[in-house]
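Side chains included, hydrogens not; waters and symmetry mates left out as well; all remaining heavy atoms used. A note on names: the letters A, B, ... follow the listed sequences, proteins ahead of strands, and every chain is numbered from 1.
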There are 2 protein chains.
Amino acid sequence: MGQVASTDKAKPVSLKQVQITDDFWNYYINLVRDVVVPYQWEAINDNVEGAERSGAVNNFKIAAGLEKGDFYGYVFQDTDVAKWLEAVAYLLVTKRDAALEQVADEMIEIIGKAQQEDGYLNTYFTIKEPDMKWKNLTECHELYSAGHMIEAGVAYYEATGKRNLLDIVCRIADNIVDVFGDGPGQIAGYDGHQEIELALVKLYGVTGNEKYLELSRYFIDKRGHKPSFFEEEAERRGWTTHWNKNKIHIDHEYFQAHLPVREQNAAVGHAVRVVYMLAGMADVARETGDKSLLEACRRLWDNIASRQMYITGGIGSMAHGEAFSFDYDLPNDTVYSETCASIGLIFFAHRMLQLEPNSRYADVLERALYNTVIAGMSRDGKHFFYVNPLEVTPEVCDGRNKNFNHVKPVRQEWFGCACCPPNIARLLASLGEYMYSVKGNTIYSHLFIGGETELSLGGTNVRLNQQSSMPWEGTARYEVTVSQPATFALALRIPDWSSKAEVLVNGTAYSITDKVADGYAIIERQWTTGDTVELVLEMPVMRVRSHPLVKQNAGKVALQRGPLVYCAEEADNGPLLQRLMLPQDAQLEVAYDANLAGGLKVITAQALRLQLEQWGTQLYRTDSNVSLEPTVATFIPYYAWANRDKGEMAVWVKEHV
Amino acid sequence: MGQVASTDKAKPVSLKQVQITDDFWNYYINLVRDVVVPYQWEAINDNVEGAERSGAVNNFKIAAGLEKGDFYGYVFQDTDVAKWLEAVAYLLVTKRDAALEQVADEMIEIIGKAQQEDGYLNTYFTIKEPDMKWKNLTECHELYSAGHMIEAGVAYYEATGKRNLLDIVCRIADNIVDVFGDGPGQIAGYDGHQEIELALVKLYGVTGNEKYLELSRYFIDKRGHKPSFFEEEAERRGWTTHWNKNKIHIDHEYFQAHLPVREQNAAVGHAVRVVYMLAGMADVARETGDKSLLEACRRLWDNIASRQMYITGGIGSMAHGEAFSFDYDLPNDTVYSETCASIGLIFFAHRMLQLEPNSRYADVLERALYNTVIAGMSRDGKHFFYVNPLEVTPEVCDGRNKNFNHVKPVRQEWFGCACCPPNIARLLASLGEYMYSVKGNTIYSHLFIGGETELSLGGTNVRLNQQSSMPWEGTARYEVTVSQPATFALALRIPDWSSKAEVLVNGTAYSITDKVADGYAIIERQWTTGDTVELVLEMPVMRVRSHPLVKQNAGKVALQRGPLVYCAEEADNGPLLQRLMLPQDAQLEVAYDANLAGGLKVITAQALRLQLEQWGTQLYRTDSNVSLEPTVATFIPYYAWANRDKGEMAVWVKEHV
């Protein structure tokens with residue numbers, strides 16, 4: 001009988017240790033395996049008829065000397081290959097697939113041939129502008145691209161045990177270690193698009209090579225100091241942009257380079273860059289124990305989660321710069337809320353959970369995952385939202401194209417700039433990693449997703465078999481198998497959406513009063529094989545209201561049940577959703593609809609709407625009171641919107657008080 | 001004792017016949033006389049320190065050979081001089097001013113010297129691109145600029161009896177008659193920016209020369225036919241824009257050239273161009289009796305007034321293209337609602353009133369005048385709104401610059417592109433013209449503005465002395481003086497904002513039941529000197545609601561009293577106007593505030609607002625009902641907004657039903 005030793009650091013239970021058995025999530029994971037990743041491979045090989053040309057694989061072949069031709073695509077086109085390989089790696093963890101692995105190995109061989117003598121790997125610069133390497137970090141994404149390849153190398157190594165890509169990315173990283181720093185002849189700068197920071201910490205994680213961690217810290221520490229590196233760089237090339245001879249305008253906030261990271265108090269600029277940066281900062285804070293960096297992470301987390309986040313877990317409310325705007329500014333219609341930004345927010349939340357397990361991180365992680373992330377992909381795995389509006393009127397998107405060009409009422413096919421689909425793929429393929437952490441003798445269960453998990457606590461092997469009825473019902477059941485009876489704690493998240501939580505251990509009520517810490521119910525006891533824990537969460541339909549400072553939602557209400565945010569669609573409610581009003585006391589009924597988007601629970605309510613038919617032709621009237629008529633309002637989970645005919649959609653509806 | 005003969009055509013009582021004595025309006029007219037026009041003269045002479053360079057007068061001097069130098073400003077810079085002269089002319093009608101007239105005469109002399117041998121007059125092309133005349137009507141505003149000079153010439157002739165500018169503009173017009181048409185060697189086209197059409201009808205009006213009317217009709221008839229004139233023109237110059245060698249994109253709807261004018265059913269494209277075109281169409285319909293043209297005017301009027309007009313009489317809801325968007329699309333915050341567009345709408349309404357006196361035209365005319373037009377100018381006459389929002393949050397204008405760059409929370413100083421201020425000046429200086437029409441033996445009183453009017457009905461001279469308490473109280477009193485007792489009708493508009501109208505003739509109730517036709521109470525009797533008519537209009541505070549199809553205003557209410565639309569400002573209500581809710585049954589109190597913007601009536605109401613203080617830091621909450629607290633809401637007339645500190649403003653507020 002063992003007593004598990006306590007350590008300070010939490011760490012995630014890795015993908016290898018988790019086998020997801022959950023129907024809700026396996027649908028998506030299998031979609032990634034069966035549709036998204038195969039499709040992406042064809043797309044980056046330019047084999048999809050009618051799709052935009054990618055050139056990504058061919059660029060590597062050209063750089064490897066295997067093909068003739070010119071570079072094609074964005075300066076960061078290589079990352080499409082990297083993200084594909086990373087997703088493949090995650091898929092191989094949960095299901096070996098020799099054929100897929102061989103395709104990946106062949107790709108990796110080409111990548112190896114494209115790598116320069118000194119470790120440099122970037123097909124754009126190798127093919128097109130070999131003399132311009134590392135000369136425009138502001139705009140050219142070289143470290144960003146390197147970062148994605150490093151993530152792929154680490155993932156592929158962890159999945160297969162093969163060092164083929166890992167060796168390549170170590171050489172990339174070694175080269176970057178040589179090139180960057182404050183030493184003579186080195187570049188004392190950092191990338192315009194953060195990503196390398198978190199990638200280097202992953203590489204440190206598998207190699208144990210501290211210079212990678214140091215370099216990540218270097219990039220983070222350097223960022224935002226004056227004089228501006230981006231300006232120095234611009235000065236050296238005569239203040240032009242990389243793409244033409246126009247004058248460059250450097251908006252330091254866009255790059256989060258307006259202040260040193262520890263002095264930043266609010267999330268500003270390009271949202272994906274913000275959260276990738278914060279993920280890297282949290283990594284470095286965790287690995288180095290840097291308190292001021294942790295403090296900055298907490299501060300920026302709070303700013304995002306309590307002032308700049310949509311109810312769907314979307315972030316970045318402004319299309320211009322794909323950026324955060326300012327506190328409490330969350331327009332539902334001109335919104336950006338890029339799928340990738342929510343994925344980055346999940347990366348950040350996941351890392352904060354390892355730093356300090358607290359349900360506020362997992363609550364947001366869950367919110368982004370169940371709403372924006374899976375809304376980002378259609379049920380066929382072939383159509384994607386880059387922008388995730390909370391209110392759509394197709395007529396407005398068409399008719400006011402200048403302000404709404406970015407907002408699409410239907411999911412789009414794979415793009416030339418294919419950032420979101422592969423990001424969804426790699427997140428979903430690695431979902432198992434997000435479910436549990438272990439800190440000392442406590443196993444934290446962050447997400448309620450059915451699956452088997454094996455882990456080791458001190459000398460004890462623990463197997464947890466979670467069965468979850470979420471997101472439709474509120475029960476998660478854990479069955480414990482231990483190699484020997486052992487005392488440890490199981491910490492179950494009490495989500496922010498649950499009005500009441502009960503725990504049963506071996507079928508008997510287990511009081512969690514005084515046992516909830518940082519949002520987790522801590523069940524510490526001696527466990528033996530066959531023990532079961534049930535977490536029963538009340539999952540009523542909730543009326544959610546926004547902080548009154550959110551101008552756009554004042555007087556409005558949104559419905560949420562469990563982790564799922566709901567929305568009203570034209571398909572159910574007819575057009576002109578602005579007419580809908582939900583009485584504060586309306587009964588909200590929940591019913592299962594097996595036919596919509598794979599089956600889901602629908603909410604209906606006796607509601608009101610502004611009378612239209614008797615209004616007449618006058619644009620303005622002063623001769624009548626407001627005339628409301630009864631109607632049935634129907635709400636479906638936000639993730640399932642836009643799976644029927646193109647039409648209006650709204651998350652927030654007027655409340656009739 | 002005469003019986004006045006009936007004729008078919010209505011015509012406005014001219015500016016010469018009206019002397020405004022109304023305090024409310026004389027403030028604005030005197031502001032134009034004492035501040036705007038003198039300031040504008042200094043501005044177009046580049047004598048205002050710190051102001052943007054104009055170059056307008058200097059361009060004429062260069063073209064006249066009196067100065068050396070290069071053309072400066074927009075291709076339509078000449079129109080600033082033309083509109084200044086037109087405003088001067090109107091001011092001289094109501095108050096002779098020898099010094100001002102001398103300045104104008106000197107300017108006209110320079111203009112004469114700048115005119116080419118063949119009558120052509122446009123300093124941009126004369127100075128800069130003499131070989132490019134009439135080669136790019138799509139973009140270069142040549143006929144538009146000519147039109148403004150023609151309007152000035154007509155106005156100056158009518159004001160002073162001098163032919164100096166009239167002769168110049170007749171030569172301009174004669175040249176245009178030669179250049180344009182379907183004959184050999186002629187240009188079979190029309191201008192990108194309508195204006196010449198209405199100007200030519202004015203010139204026809206004073207000269208009686210039918211070729212001007214014919215040419216106006218030609219431009220109107222030609223517009224929008226296929227093959228596209230703009231495309232033919234583009235073809236001839238190789239599809240470049242005039243300004244550089246970039247490819248031109250011709251959006252025919254922007255220019256209202258997508259369809260022949262008689263086939264257009266909805267107002268589309270640049271709003272000012274639409275209403276200038278419609279004014280010209282109404283002119284030609286009136287002068288030629290063209291029924292199909294009148295039908296098109298009515299149809300487009302209806303589209304604008306019942307589907308595309310803000311409650312303030314603003315039109316053009318889209319910044320992109322300064323344009324109409326689509327039916328019922330009236331966003332309050334990203335609005336355009338250019339001051340010039342409302343002025344153009346007044347021009348159009350005024351002409352429709354002569355075609356068919358009907359209060360629907362005068363109601364809109366009044367709405368635009370009392371709200372958007374005078375909101376466009378500050379009380380000091382030196383600051384102007386080009387864009388007239390119905391909802392402003394300064395933080396949003398700053399923080400979301402890309403979508404809100406055009407929306408200013410405070411009035412701006414004179415611009416380089418100074419279209420709106422001189423347009424306000426010429427409208428207000430000629431306001432007398434808009435008050436009455438005569439049709440047959442009926443005098444129509446469209447606007448309730450105090451003043452003396454002299455007119456002739458058949459052989460009878462009639463003098464009407466109107467005293468009006470509007471816009472603050474609802475009484476207009478007319479005293480009649482006649483050269484001999486005569487039978488004729490006085491038609492008093494019953495405005496759409498009046499809940500009850502009573503008429504007293506010589507102090508005795510006069511039943512207007514069955515006497516209201518097309519929105520006018522027709523009082524037909526024999527009149528003798530000393531007769532008085534009082535029109536007493538109930539002027540309650542009205543709760544106005546929008547058609548339910550107006551997405552942005554659903555569930556909201558605006559207050560209006562008489563012709564004045566009201567708004568809530570931060571100065572009275574504190575920030576965060578989104579929190580305000582006006583109960584449907586709230587008592588609305590009206591009180592006079594002598595200190596605000598020259599004195600005005602304020603509306604206050606016992607209202608509610610969303611509780612803020614007890615909300616806490618959470619962005620979303622599910623654990624409380626909506627919490628409302630009592631507050632006093634204060635509303636001031638929209639025209640007077642932004643005369644205090646920069647802050648929020650909203651016309652439409654939530655209604656608590």
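Contacts between B:Ser546 and chain A at a heavy-atom distance below 4.5 Å involve backbone atoms as well as side-chain atoms. The part of B:Met542 that comes within reach of chain A is its side chain, from C-beta onward, which places non-hydrogen atoms under 4.5 angstrom from that chain. In this structure, no portion of B:Glu613 lies under 4.5 Å from any heavy atom of chain A. B:Gln584 touches chain A through its side chain: at least one heavy atom from C-beta onward sits under 4.5 Å away, while N, CA, C and O do not. Proximity to chain A (any heavy atom under 4.5 Å) is shown, for B:Leu549, by both the backbone and the side chain. Only the side chain of A:Leu576 comes within contact range of chain B, with at least one heavy atom under 4.5 Å from a heavy atom of that chain. No part of B:Ala323 comes within reach of chain A, as not one of its non-hydrogen atoms sits under 4.5 angstrom from that chain. If you measure heavy-atom distances from B:Gln611 to chain A, the contacts under 4.5 Å come from the backbone alone. For B:Pro575, no part lies near chain A; criterion is any non-hydrogen pair under 4.5 Å. The contact between B:Val396 and chain A is made by backbone and side chain atoms together, counting heavy-atom distances below 4.5 Å. Residue A:Gln552 does not touch chain B at all, counting heavy-atom pairs closer than 4.5 Å.
Here the shortest heavy-atom pairing between B:Ser306 and A:Thr617 reads CB-O, 3.7 Å. Across A:Tyr620 and B:Leu330, no two heavy atoms sit closer than the pair OH-CD1, 3.6 Å. A:Gly399 approaches B:Ser325 most closely through the heavy-atom pair O-CB, 4.4 Å.
Chain B forms more heavy-atom pairs under 4.5 Å with one residue of A:Leu610, A:Val557, A:Leu612 than with any other, namely A:Leu612. Of the residues considered (B:Met309, B:Met581, B:Arg579), B:Met309 shows the highest number of contacts with chain A, using heavy-atom pairs under 4.5 Å. Most heavy-atom pairs under 4.5 Å with chain A: of the set B:Gln560, B:Glu395, B:Arg307, this distinction falls to B:Glu395. Comparing B:Gln618, B:Met318, B:Lys551 by heavy-atom pairs within less than 4.5 Å of chain A, the highest count is held by B:Lys551.
Rounded to the nearest 0.5 Å, atoms CG (A:Leu619) and CD (B:Gln308) are 9.5 Å apart. The line from CG of A:Leu559 to OG1 of B:Thr622 is 12.0 Å long, rounded to the nearest 0.5 Å.
Looking at A:His547, its side chain does come within 3.5 Å of a backbone N or O of B:Gly616 through a donor-acceptor pair. Proximity of a side-chain donor or acceptor of A:Gln578 to a complementary backbone N or O of B:Asn553 within less than 3.5 Å is not detected.
Under 3.5 Å, the side chains of B:Arg400 and A:Ser317 contain a donor-acceptor pair of N or O atoms.
Annotation: side chain of A:Arg621 is not in contact with side chain of B:Val544 (no heavy-atom distance under 4.5 Å). For the pair B:His320/A:Asn403, no side-chain contact is recorded, criterion being any heavy-atom separation below 4.5 Å from C-beta on. Counting heavy atoms from C-beta on, the side chains of B:Asp398 and A:Phe326 never come closer than 4.5 Å.
Sequence neighbours left out, the pairs with a member in residues 648-657 of chain A that pass side chain to side chain donor-acceptor pair (under 3.5 Å) are A:Arg545-A:Glu655.
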